[in-house]
Amino acid sequence: MKKIINDPANVAREALQGLGEAHADLLTVHFDPNFVTRAGGPDTGKVAVVSGGGSGHEPLAGGYVGEGILHAAVPGAVFTSPTPDQILDATKAADAGAGVVHLVLNYTGDILNFETAAELAEAEDIKVVPVILDDDVAVKDSTYTAGRRGVAGAIPWYKITGASAARGDDLDTVVEISRRVVANVRTMGMALTACTVPHSGEPSFVLEDDEMEIGIGVHGEPGRERVKLTSADEIVATLLGSVVEDLPFERGDKTLLFVNGMGGTPSVELYLAYHSARTYLAERGIEVARSLVGNYFTSLEMQGMSITLLKLDDELTELWDAPVHTPALRWGR
Amino acid sequence: MKKIINDPANVAREALQGLGEAHADLLTVHFDPNFVTRAGGPDTGKVAVVSGGGSGHEPLAGGYVGEGILHAAVPGAVFTSPTPDQILDATKAADAGAGVVHLVLNYTGDILNFETAAELAEAEDIKVVPVILDDDVAVKDSTYTAGRRGVAGAIPWYKITGASAARGDDLDTVVEISRRVVANVRTMGMALTACTVPHSGEPSFVLEDDEMEIGIGVHGEPGRERVKLTSADEIVATLLGSVVEDLPFERGDKTLLFVNGMGGTPSVELYLAYHSARTYLAERGIEVARSLVGNYFTSLEMQGMSITLLKLDDELTELWDAPVHTPALRWGR
Amino acid sequence: MTCDAGTVVAAVRAAAAAAAEHKTELTRLDREIGDGDHGENLARGFTAVVAKLDASAPETPAAVLKLVATTLISTVGGASGPLYGTAFLRAATAIGDASELDGALVVTGLTAARDGVVARGKAEPGDKTMVDALTPAVQAAAAAADSGGDAAAVLSAAADAAAEGAEATTPLQARKGRASYLGERSIGHRDPGATSASLLLRAMADAAAGGGA
Amino acid sequence: MTCDAGTVVAAVRAAAAAAAEHKTELTRLDREIGDGDHGENLARGFTAVVAKLDASAPETPAAVLKLVATTLISTVGGASGPLYGTAFLRAATAIGDASELDGALVVTGLTAARDGVVARGKAEPGDKTMVDALTPAVQAAAAAADSGGDAAAVLSAAADAAAEGAEATTPLQARKGRASYLGERSIGHRDPGATSASLLLRAMADAAAGGGA
Ligand SMILES: Nc1ncnc2c1ncn2[C@@H]1O[C@H](COP(=O)(O)OP(=O)(O)O)[C@@H](O)[C@H]1O
Ligand SMILES: Nc1ncnc2c1ncn2[C@@H]1O[C@H](COP(=O)(O)OP(=O)(O)O)[C@@H](O)[C@H]1O
Ligand SMILES: [Mg+2]
Ligand SMILES: [Mg+2]
Ligand SMILES: [Mg+2]
Ligand SMILES: [Mg+2]
């Protein structure tokens with residue numbers, strides 16, 4: 001295991017400390033239990049948006065706390081959903097009386113822990129509505145699985161939900177818009193290498209030099225299939241093929257195209273893949289109206305990428321464009 | 001070699017195509033010869049700032065073209081300085097009649113090619129002044145070397161030089177400020193893994209599982225020494241120790257602390273190292289007034305990091321804070 | 001042999017020791033079909049449980065189990081945190097304020113625990129989850145209690161059946177939890193949660209058996 | 001044997017073939033003490049040179065060399081691009097408009113080339129650069145011309161001396177170029193630029209020798 005870390009047990013905590021120190025103007029990191037809130041405190045009169053998940057996905061979720069997007073984030077242990085007490089404290093800290101939306105990625109652990117936290121919050125008279133993201137087309141949503149995973153679609157989902165709250169929408173509206181993103185966003189990922197959970201010290205799986213894993217999740221889980229490494233164009237066609245046919249995205253659709261690195265993928269490869277994806281979509285008459293390229297939802301140091309496509313309407317586009325100011329996403333101010 | 005690429009010979013070109021497509025609102029990518037300019041054309045009446053180097057360092061340099069920073073960037077082949085004709089064309093495209101600053105990283109190839117381009121530009125009546133960055137304290141500046149390398153200090157150097165040009169400073173002033181950054185910035189890097197130049201297909205060096213390379217450059221060159229992998233705190237102490245004693249940085253100094261990933265280093269490790277660096281500097285009474293954490297000047301997919309410290313005065317701080325709008329750096333608008 | 005609060009504390013401490021001892025093995029199993037944290041999750045939770053037990057002396061078996069439940073819920077996270085938390089919480093509620101547990105009360109507690117896991121996680125037997133260890137455990141416990149077993153004997157029967165149930169998850173295709181993402185590729189690996197359930201039961205049974213000494 | 005523009009074209013094409021043939025080896029040498037692109041850089045440059053030669057027919061030896069120079073300058077990049085570019089450019093200028101090269105003119109051209117590299121790169125002999133191949137090459141060329149050698153013989157002597165010079169860079173510590181960053185760790189590796197210089201000279205010498213046939 002090659003990492004720049006101290007005690008493997010303290011990785012998530014020390015990274016959070018760094019996040020808090022580097023961005024003290026934007027956010028405040030709380031410990032025991034761990035959660036991140038905006039530096040300014042609750043957003044008076046507005047719906048609060050809270051998310052979280054395991055650590056090891058940085059900049060998710062703490063890096064998205066700030067104006068125009070999340071009010072609080074709750075990081076669990078590495079690749080482990082947070083516990084209800086963390087989520088409860090974050091929810092209480094974020095709540096401004098207009099209700100709280102829990103943005104939950106669809107994993108058994110996250111669902112259960114957020115469920116418990118929501119019950120506890122309701123008991124303290126905070127209205128909580130969960131919205132669940134399950135954008136990963138690599139997993140078939142059937143009675144034979146825990147349902148699709150929530151993966152990189154989280155970034156536009158956070159952004160647009162947060163922008164709806166920021167413009168003063170009421171709880172029902174924020175939830176409707178958030179669910180509209182879920183209904184219109186699809187993602188699929190792949191990995192060139194596995195990642196190593198610090199306390200485990202062993203890679204999550206082993207790929208030969210000429211192999212890649214298709215349909216990977218964001219926790220170093222093995223994916224849908226292991227195949228020979230091919231060209232960027234072929235990889236993009238595989239990922240986008242599944243994504244496009246799933247919704248389906250159609251000729252004339254206006255989309256946001258998001259090429260996400262898994263943590264160890266350099267910018268040069270992501271932009272190369274983005275170019276390939278643009279070409280693929282142009283051939284099918286699908287318009288790319290907005291773009292995002294970078295390591296935004298990672299799996300530790302894994303090399304690989306996911307491609308996300310979100311079908312945009314005018315309102316979603318406007319909410320995507322609205323100002324945001326966080327460590328990981330910033331524009332308009 | 002595991003990369004998301006097509007033909008290894010086309011990596012730099014296809015990534016540039018992606019950059020141009022994803023950020024058509026900000027910049028224009030030109031081919032044959034390759035260079036990147038702002039979408040808006042020359043900046044009327046202002047000094048133009050042009051830089052470049054090999055490809056494989058993305059988002060450097062094309063990702064820094066935009067308002068408030070570079071007017072043009074010239075990407076060579078992977079890890080190879082650009083050629084004079086590219087640099088000349090970029091210089092001509094950026095020039096607005098107030099002179100051009102060439103921001104050159106101190107490598108023999110870059111110096112020679114920018115020198116030739118400057119001669120050719122002068123022949124076309126464009127006033128060009130080169131400023132050379134050599135911030136890498138891993139290399140001793142002596143008659144026994146080609147001098148110190150220019151490494152991650154380039155990011156604050158670009159930013160502050162560009163901000164000086166943006167506020168309308170004349171050529172002499174922009175050059176003075178740019179040289180002030182060079183005089184006050186120091187960097188040192190390390191690697192956990194090597195990188196693989198696409199057309200070569202072989203890693204630039206081989207490290208055992210328990211080894212790291214200290215004093216690495218940004219081209220997969222082996223570094224100053226190969227040692228056993230240690231903790232983040234010890235690595236940070238080694239890097240910052242050299243950086244701090246070199247200038248030297250002293251108790252009471254106000255600084256910008258920049259933890260840069262080499263391309264394959266995830267955010268979680270960079271923030272952890274940032275926290276360690278903050279602690280190190282706090283113990284020595286060195287104030288961190290500004291921060292930057294991320295993969296900003298990379299060596300393909302190399303895992304590792306560099307730490308840069310820039311001593312700030314009020315003017316440099318103000319220029320760092322000034323608005324910037326590029327794919328890789330954005331604030332204030 | 002009695003099974004009072006002290007015995008239950010000893011059993012929980014034994015479970016904690018088992019979680020620590022098998023941490024690497026459980027994590028390895030979870031790496032194969034999950035995300036490689038199950039051992040770490042349980043070890044973290046039970047370390048916190050032991051710290052709580054060191055600092056307080058719950059007076060009834062139910063109070064011990066409730067302390068375990070709340071501690072696991074607030075320290076484990078993941079899927080197993082709320083599921084084990086619910087299991088211990090439901091068991092505590094089910095056994096009421098009894099100061100000693102007999103075989104029948106152990107069956108009551110185990111049944112409530114299993115039902116709680118099913119209620120929260122919605123897994124059926126055969127889905128390749130901890131339910132595949134808990135369900136045979138409940139059946140074996142009931143049988144042992146019917147034939148007059150005391151608390152320790154009932155727990156021991158439950159542990160044996162849980163071990164077999166865990167073993168039997170190997171050929172199954174997962175339909176719940178992370179392993180379900182793998183589809184057919186989950187076949188051939190033992191479920192980490194079923195394995196931990198059997199290990200915890202075994203440790204508690206052994207401690208309960210020795211507990212009166 | 002004459003050494004006219006056609007012979008020089010043949011020599012340059014042979015040099016291009018050598019650059020392609022030794023690409024991997026030169027890149028490997030550069031990976032050890034540089035950044036692993038020298039072979040790729042030269043191959044890219046000489047491929048462009050061949051394309052230019054296919055499309056035009058320069059009429060004098062100097063015109064051929066000038067075409068090589070400008071093409072290398074605009075396609076190679078790195079340290080070697082401007083250095084080789086300068087070398088060919090200075091050689092072209094030095095030999096003037098001669099329609100054929102004799103031994104003495106080859107010496108003139110080689111000397112100007114070497115001086116150009118030194119003027120641009122400021123390396124001294126012993127710094128572990130291409131200068132360590134070019135300097136002995138110039139000396140051997142001059143000696144061969146003094147003893148009456150024709151163009152091909154002079155080039156051949158230069159190539160032999162360059163090969164020895166390149167070989168002799170192995171034990172040196174680099175003081176110029178990227179290899180200098182390695183300090184003592186540069187010792188024990190042959191310099192890629194000195195190696196390419198000797199390979200290019202050898203190819204040109206062989207082509208010039210066969211050129212009159
Ligand atoms: N829906 C469910 N019902 C019952 N048990 C489940 C369910 N989902 C997961 N589990 C159990 O949880 C175990 C995994 O726990 P753990 O690794 O700690 O959590 P996570 O999967 O969140 O990383 C699985 O091996 C399985 O036995
Ligand atoms: N200052 C210099 N003078 C002469 N030759 C040099 C100098 N610097 C580098 N070289 C030569 O250039 C070679 C490296 O060329 P190349 O790899 O193509 O460029 P780069 O070092 O920019 O990657 C070295 O092996 C050396 O022979
Ligand atoms: Mg987990
Ligand atoms: Mg190079
Ligand atoms: Mg797990
Ligand atoms: Mg080189």
Side-chain angles (χ1 to χ4, degrees), chain B residues 8-9 33 52-54 56 74-88 107-117 136 138-140 142-149 194-205 215-226 299, chain D residues 23-24 26-28 30-45 47-48 69-86 89 117 119-124 126-130 173-186 189 193:
Chain B
V74 202
V78 173
F79 290 172
T80 300
S81 71
T83 59
D85 55 324
Q86 293 178 263
I87 303 169
L88 176 64
Y107 297 95
T108 307
D110 293 79
I111 299 283
L112 295 177
N113 286 287
F114 271 92
E115 234 168 57
T116 304
D136 185 358
V139 175
K140 287 296 147 219
S142 77
T143 48
Y144 298 106
T145 68
R148 288 180 159 171
R149 298 174 286 215
C195 58
T196 300
V197 176
H199 56 70
S200 146
E202 298 287 329
S204 51
F205 50 85
I216 197 79
V218 289
H219 301 91
E221 314 94 313
R224 189 154 82 173
E225 49 171 356
R226 183 162 303 183
S299 298
Chain D
K23 180 170 99 167
T24 313
L26 292 171
T27 288
R28 185 183 53 73
D30 194 33
R31 202 154 50 226
E32 281 165 14
I33 55 169
D35 59 351
D37 61 0
H38 186 57
E40 190 69 24
N41 289 347
L42 282 192
R44 183 174 59 247
T47 301
T70 54
T71 309
L72 292 182
I73 289 173
S74 70
T75 57
V76 176
S80 59
L83 292 173
Y84 273 123
T86 299
L89 198 60
V117 169
R120 291 299 309 265
K122 316 236 159 36
E124 292 173 17
D127 283 356
K128 196 175 183 124
T129 70
M130 58 174 71
Q173 176 170 340
R175 285 193 292 235
K176 281 283 179 289
R178 285 179 201 287
S180 72
Y181 305 140
L182 286 177
E184 294 184 355
R185 288 170 81 189
S186 63
H189 301 273

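A note on names: the letters A, B, ... follow the listed sequences, proteins ahead of strands, and every chain is numbered from 1. Because only heavy atoms are used, hydrogens play no part in the values below, and waters and symmetry mates are left out as well, while side chains stay in.
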Interchain contact, [X] with chain B, by part (heavy-atom threshold 4.5 Å):
| X | answer |
| --- | --- |
| D:Arg185 | side chain |
| D:Thr27 | side chain |
| D:Gln173 | neither |
| D:Asn41 | side chain |
| D:Ala123 | neither |
| D:Thr24 | neither |

Residues forming a salt bridge (Lys or Arg N to Asp or Glu O under 4.0 Å) with D:Arg178, sequence neighbours excluded =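 Residues passing salt bridge (Lys or Arg N to Asp or Glu O under 4.0 Å) with D:Arg178: B:Glu221, D:Asp35.
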key: Spacing of CG belonging to B:Asn113 relative to OG belonging to D:Ser74, to within rounding of 0.5 Å   = 10.5 Å
Considering only heavy atoms, which portion of [X] lies under 4.5 Å from any heavy atom of chain D: side chain, backbone, both, or neither?
| X | result |
| --- | --- |
| B:Pro84 | both |
| B:Tyr107 | both |
| B:Pro203 | backbone |

task = Quick one: which of B:Val197, B:Leu112, B:Thr116, B:Thr108 has the most heavy-atom pairs under 4.5 Å with chain D, could you say?
result = B:Leu112
Locate the shortest heavy-atom distance separating [X] from [Y]; write the atom from each residue and the value.
| X | Y | result |
| --- | --- | --- |
| B:Val78 | D:Asp37 | O-OD2, 4.1 Å |
| B:Ser81 | D:Gly78 | OG-N, 2.7 Å |
| B:Ala77 | D:Arg44 | CB-NH1, 3.5 Å |
| B:Ser200 | D:Gly36 | CB-O, 4.2 Å |

request  = Could I get the full list of side-chain hydrogen bond (donor to acceptor under 3.5 Å, both in side chains) partners for D:Thr70, not counting sequence neighbours?
outcome  =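 side-chain hydrogen bond (donor to acceptor under 3.5 Å, both in side chains) list for D:Thr70, sorted by chain: empty.
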When [options] are compared by non-hydrogen pairs under 4.5 Å with chain B, the top option:
| options | value |
| --- | --- |
| D:Gly183, D:Gly34, D:Gly81 | D:Gly34 |
| D:Arg31, D:Lys23, D:Glu32, D:Arg28 | D:Arg31 |
| D:Ile73, D:Thr75, D:Leu83, D:Asp30 | D:Ile73 |

